[in-house]
There are 2 protein chains.
Amino acid sequence: MKPVNLKKLAEELNLSVATVSRALNDRYDISQLTKDRVRELATRLHYEPNPYASSLRRQKSKTIGVVIPEIANHFFSLAINGIEEVARDNNYHVLIYLTHEDYQRELSSMRLLAGGRVDGVLLSVASSSQDFAHLDMLRERGIPMVFFDRVYEDMATARVTTDDYDSSYRATRHLLEEGCRTIAYLTISHHLSIGKRRLQGYIDALRDSGLAYDESLVLPGQLDKTHDIAIIKELLESRPAIDGIFASVESLAMSSYEACRLLGRTIPQDIKILGFSNLEIASLLSPPLTTITQPAYAIGKEAAKILFQAVIKNKPISSNQSLEIKSELIVRGSTRLQA
Amino acid sequence: MKPVNLKKLAEELNLSVATVSRALNDRYDISQLTKDRVRELATRLHYEPNPYASSLRRQKSKTIGVVIPEIANHFFSLAINGIEEVARDNNYHVLIYLTHEDYQRELSSMRLLAGGRVDGVLLSVASSSQDFAHLDMLRERGIPMVFFDRVYEDMATARVTTDDYDSSYRATRHLLEEGCRTIAYLTISHHLSIGKRRLQGYIDALRDSGLAYDESLVLPGQLDKTHDIAIIKELLESRPAIDGIFASVESLAMSSYEACRLLGRTIPQDIKILGFSNLEIASLLSPPLTTITQPAYAIGKEAAKILFQAVIKNKPISSNQSLEIKSELIVRGSTRLQA
DNA sequence: TTGTACGCGTTATCAC
DNA sequence: GTGATAACGCGTACAA
């Protein structure tokens with residue numbers, strides 16, 4: 001019940017606490033015999049060093065913090081998979097904070113993290129975040145941070161993203177090539193750089209095909225699924241010419257499917273749908289969903305690797321360590337008849 | 001860059017460290033004036049207490065550990081959502097450890113947690129875990145633990161589960177009522193109690209319908225999707241009489257869809273499929289998947305609540321705080337023609 | 001109402 | 001090779 005500590009081991013072995021500590025840390029100046037004796041007793045008594053005492057002393061928490069908008073989302077859970085993998089390889093622990101796309105929660109998470117609980121932070125910003133002063137807290141404390149997927153442009157640190165603009169451009173081109181002429185664009189945030197880039201890819205693809213950008217075709221989704229379905233339905237009814245939907249996030253693609261079903265629109269005959277998504281089972285949907293699939297696991301892993309370079313070697317992170325990993329457009333039945 | 005600590009605040013205000021500490025902790029014996037002065041400076045300098053020093057002193061980490069098999073899975077990510085919610089309400093932090101269904105990783109995670117890094121643990125055991133001696137480490141250290149979903153029967157602590165036996169029984173009945181006579185059962189582990197209960201529900205439902213239990217219809221899935229599809233395909237080919245598949249975990253239902261597609265079997269005409277699953281988009285699959293949907297979010301939330309009762313009030317957890325939350329059988333197109 | 005002094009468990013420094 | 005001791009930053013008993 002009462003934890004074994006160095007003092008206990010030392011008493012038991014008639015050694016000093018210092019010696020026991022050094023033996024366990026495998027220091028060169030301790031005799032092999034002593035090391036063996038100490039280790040034997042330590043394992044026998046299930047000794048585990050107190051991580052907080054150790055952190056206090058070493059000024060290292062052996063912990064990183066991951067702040068993400070949500071977790072019930074394939075992109076983020078795959079990213080965490082990658083992050084946890086790298087953390088474990090480095091003998092680090094992972095704290096998770098969910099913002100639910102809420103700026104206030106992101107802020108309070110940052111405040112907590114800035115308190116020295118972690119040696120580094122991985123962040124994917126909330127869609128409602130407009131102000132980024134809260135990120136300065138980390139900088140002031142010298143805690144390195146790496147963005148992944150959703151970044152804040154003005155911050156001088158590394159980011160691991162995907163080719164949002166290009167894939168959005170390609171996706172829009174694909175819809176155009178499949179015959180769409182009036183493409184609705186569903187988004188979640190205009191503030192996020194990721195939102196801007198994806199939107200720009202859409203706009204440029206339209207323009208390059210000689211089509212005008214019609215702002216009224218851009219629909220800002222919310223967080224509530226029921227509400228999303230309702231407004232998509234409304235848009236489709238008020239604009240019957242719409243023959244394509246480009247969902248910039250997974251949940252909006254799903255809501256579009258529901259909306260079409262409610263309206264009796266057939267995919268892809270009446271309307272084609274395409275979306276950013278990491279759903280493994282996109283191919284099992286009815287019809288199979290054409291997706292832009294992001295390398296979520298790799299993004300998490302690479303972001304973590306960059307962070308650990310800074311954490312372990314105590315080097316600051318530079319923006320030019322940033323990485324862009326390409327997404328893949330996978331054409332399926334929702335945009336093409338015989339896919 | 002250098003963190004502000006109590007000493008700094010104290011010097012700045014010409015107060016003792018103790019007074020500053022008490023002011024920040026809002027102790028009754030400090031004058032309002034002093035409290036105000038201290039707080040003002042603290043916020044101005046962005047003071048954040050060092051969590052490790054505090055933990056060391058208070059013998060409380062304000063952190064819980066969550067150990068789960070995987071995260072890229074709707075059940076677990078929803079559960080974490082619930083857990084994080086409760087943790088945040090209690091001003092606690094959440095450490096995540098993924099076992100990838102591997103006993104060794106579960107063991108090492110437990111060892112880390114037993115070191116005093118957390119005040120409590122939520123665990124959903126890995127399918128490969130047969131030995132549970134590693135859980136004693138927590139008990140020895142007096143760290144409370146609550147199981148959720150996947151439990152180890154012999155451990156005297158609370159568990160939050162769903163009605164695995166009943167829902168499995170009902171699901172099997174449903175398949176039988178829809179005309180199935182040869183139902184394959186796909187499982188991941190025979191060791192897990194959850195696996196046993198679900199299997200038993202299946203067996204009993206068969207028996208109550210006068211059908212014999214045929215062990216060769218029980219297929220143990222692996223972790224690798226490609227492999228799963230292959231063995232399901234093999235089973236279906238070697239046993240052409242199979243007209244129903246009951247997948248005891250989500251991934252196996254998906255693999256079954258793939259296998260059927262590869263074999264050209266039509267769902268639900270040739271074969272009916274049903275599975276435990278928390279996929280929100282089960283209804284958008286082709287055909288929509290009949291599911292037993294577990295209350296994942298609620299399970300996570302309730303498990304965390306029980307844990308916090310112990311953590312906050314320092315009371316041991318008793319087995320009879322255990323909770324069973326019912327799952328729901330949602331009939332869709334994969335088991336019935338006009339659903 | 002505030003200050004002094006100690007200890008939480010570990011590690012680093014210095015002495016022997 | 002090993003031991004004594006201080007220090008990490010905070011919280012609390014006791015003193016004033």
Side-chain angles (χ1 to χ4, degrees), chain A residues 1-39 41-42 45-63 91 112 114-119 141-142, chain B residues 1-39 41-42 45-63 91 112 114-119 141-142:
Chain A
M1 196 76 180
K2 192 142 134 273
V4 200
N5 53 25
L6 289 183
K7 201 166 138 204
K8 177 108 167 230
L9 294 182
E11 280 167 7
E12 208 91 3
L13 293 163
N14 275 321
L15 286 171
S16 74
V17 174
T19 305
V20 175
S21 169
R22 278 174 295 196
L24 289 170
N25 288 313
D26 202 17
R27 298 292 259 258
Y28 65 95
D29 55 0
I30 299 292
S31 75
Q32 193 54 48
L33 174 67
T34 308
K35 283 185 185 171
D36 291 343
R37 284 182 62 219
V38 171
R39 291 207 192 112
L41 187 67
L45 299 188
H46 294 139
Y47 167 78
E48 285 293 329
N50 182 313
Y52 298 112
S54 185
S55 291
L56 182 59
R57 189 61 240 246
R58 296 206 218 237
Q59 308 284 39
K60 276 279 177 190
S61 66
K62 297 232 115 198
T63 306
N91 287 312
L112 292 170
R117 193 172 290 272
V118 297
D119 298 339
R141 290 284 311 251
Chain B
M1 197 72 181
K2 190 140 135 276
V4 203
N5 54 22
L6 288 183
K7 199 167 140 205
K8 177 110 165 227
L9 294 180
E11 280 167 8
E12 208 93 1
L13 294 162
N14 274 321
L15 286 171
S16 74
V17 173
T19 306
V20 176
S21 169
R22 277 176 294 199
L24 289 170
N25 288 315
D26 202 18
R27 296 293 258 259
Y28 66 96
D29 56 0
I30 298 292
S31 76
Q32 192 56 49
L33 175 67
T34 310
K35 283 184 184 172
D36 291 343
R37 285 182 61 220
V38 171
R39 290 207 193 112
L41 186 69
L45 299 188
H46 295 135
Y47 168 77
E48 285 294 330
N50 181 312
Y52 297 112
S54 185
S55 291
L56 183 58
R57 185 62 240 249
R58 296 205 216 241
Q59 307 284 37
K60 276 277 177 193
S61 66
K62 297 230 118 203
T63 307
N91 288 313
L112 292 171
R117 193 172 290 271
V118 297
D119 298 339
R141 290 284 310 249

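So you know, we letter chains A, B, ... as the sequences are listed, proteins then strands, and number each from 1. Both backbone and side-chain heavy atoms feed into the values below; hydrogens, waters and symmetry mates do not. Here the structure is a predicted model, which is why all the values come from computation and not from measurement.
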Test item: [X] and [Y] side chains (from C-beta on) under 4.5 Å apart, heavy atoms:
{"X": "A:L56", "Y": "B:N50", "result": "yes"}
{"X": "B:D29", "Y": "B:R22", "result": "yes"}
{"X": "A:K35", "Y": "A:L24", "result": "no"}
{"X": "A:R37", "Y": "A:L13", "result": "yes"}
{"X": "B:S54", "Y": "B:Y52", "result": "no"}
{"X": "A:T63", "Y": "B:R117", "result": "yes"}

Is the closest basic N to carboxylate O distance between B:D26 and B:R39 below 4.0 Å? yes
Identify whether any heavy atom of A:T34 sits under 4.0 Å from a base atom; if not, whether one sits that close to sugar-phosphate; answer base, sugar-phosphate or nothing. sugar-phosphate
Between [X] ([atom1]) and [N] ([atom2]), how many Å, whole number?
{"X": "B:R141", "N": "C:dG9", "atom1": "CZ", "atom2": "C1'", "answer": "11 Å"}
{"X": "B:N5", "N": "D:dG11", "atom1": "CG", "atom2": "P", "answer": "12 Å"}
{"X": "A:N14", "N": "D:dA4", "atom1": "CG", "atom2": "P", "answer": "11 Å"}
{"X": "A:L9", "N": "D:dG3", "atom1": "CG", "atom2": "C1'", "answer": "16 Å"}
{"X": "A:Y28", "N": "D:dT2", "atom1": "OH", "atom2": "P", "answer": "13 Å"}
{"X": "A:K62", "N": "C:dT10", "atom1": "NZ", "atom2": "C1'", "answer": "15 Å"}
{"X": "B:E11", "N": "C:dG3", "atom1": "CD", "atom2": "C1'", "answer": "15 Å"}
{"X": "B:L24", "N": "C:dT2", "atom1": "CG", "atom2": "P", "answer": "13 Å"}

A:Q59 side-chain N/O to D:dG9 phosphate OP1/OP2 under 4.0 Å: yes
According to a strict under-4.0 Å criterion, is B:S31 in side-chain N/O contact with OP1 or OP2 of C:dT1? no
Given the rule in the side chain to side chain contact (heavy atoms under 4.5 Å, CB included) test, do B:L9 and B:E12 qualify, once you have shown the distances and angles that lead to the verdict? CA-CA 5 Å; B:L9 294 180; B:E12 208 93 1; 5.7 Å; no
Upstream residue (5' side of DNA chain C) when B:S16 and B:L56 are each assigned their closest nucleotide: B:S16
Of all the heavy-atom pairs spanning A:P51 and B:G116, show the shortest one and how long it is. CG-C, 4.1 Å
Hey, what bend do you get for the helix from C:dT1-D:dA16 to C:dC16-D:dG1 if you fit axes on five pairs at each end, rounded to 10°? 40°
Reading nucleotides 11-16 of chain C from 5' to 3' and marking B where a protein heavy atom lies under 4.0 Å of the base, S where only the sugar-phosphate is that close, and - otherwise, the string is BBBB--
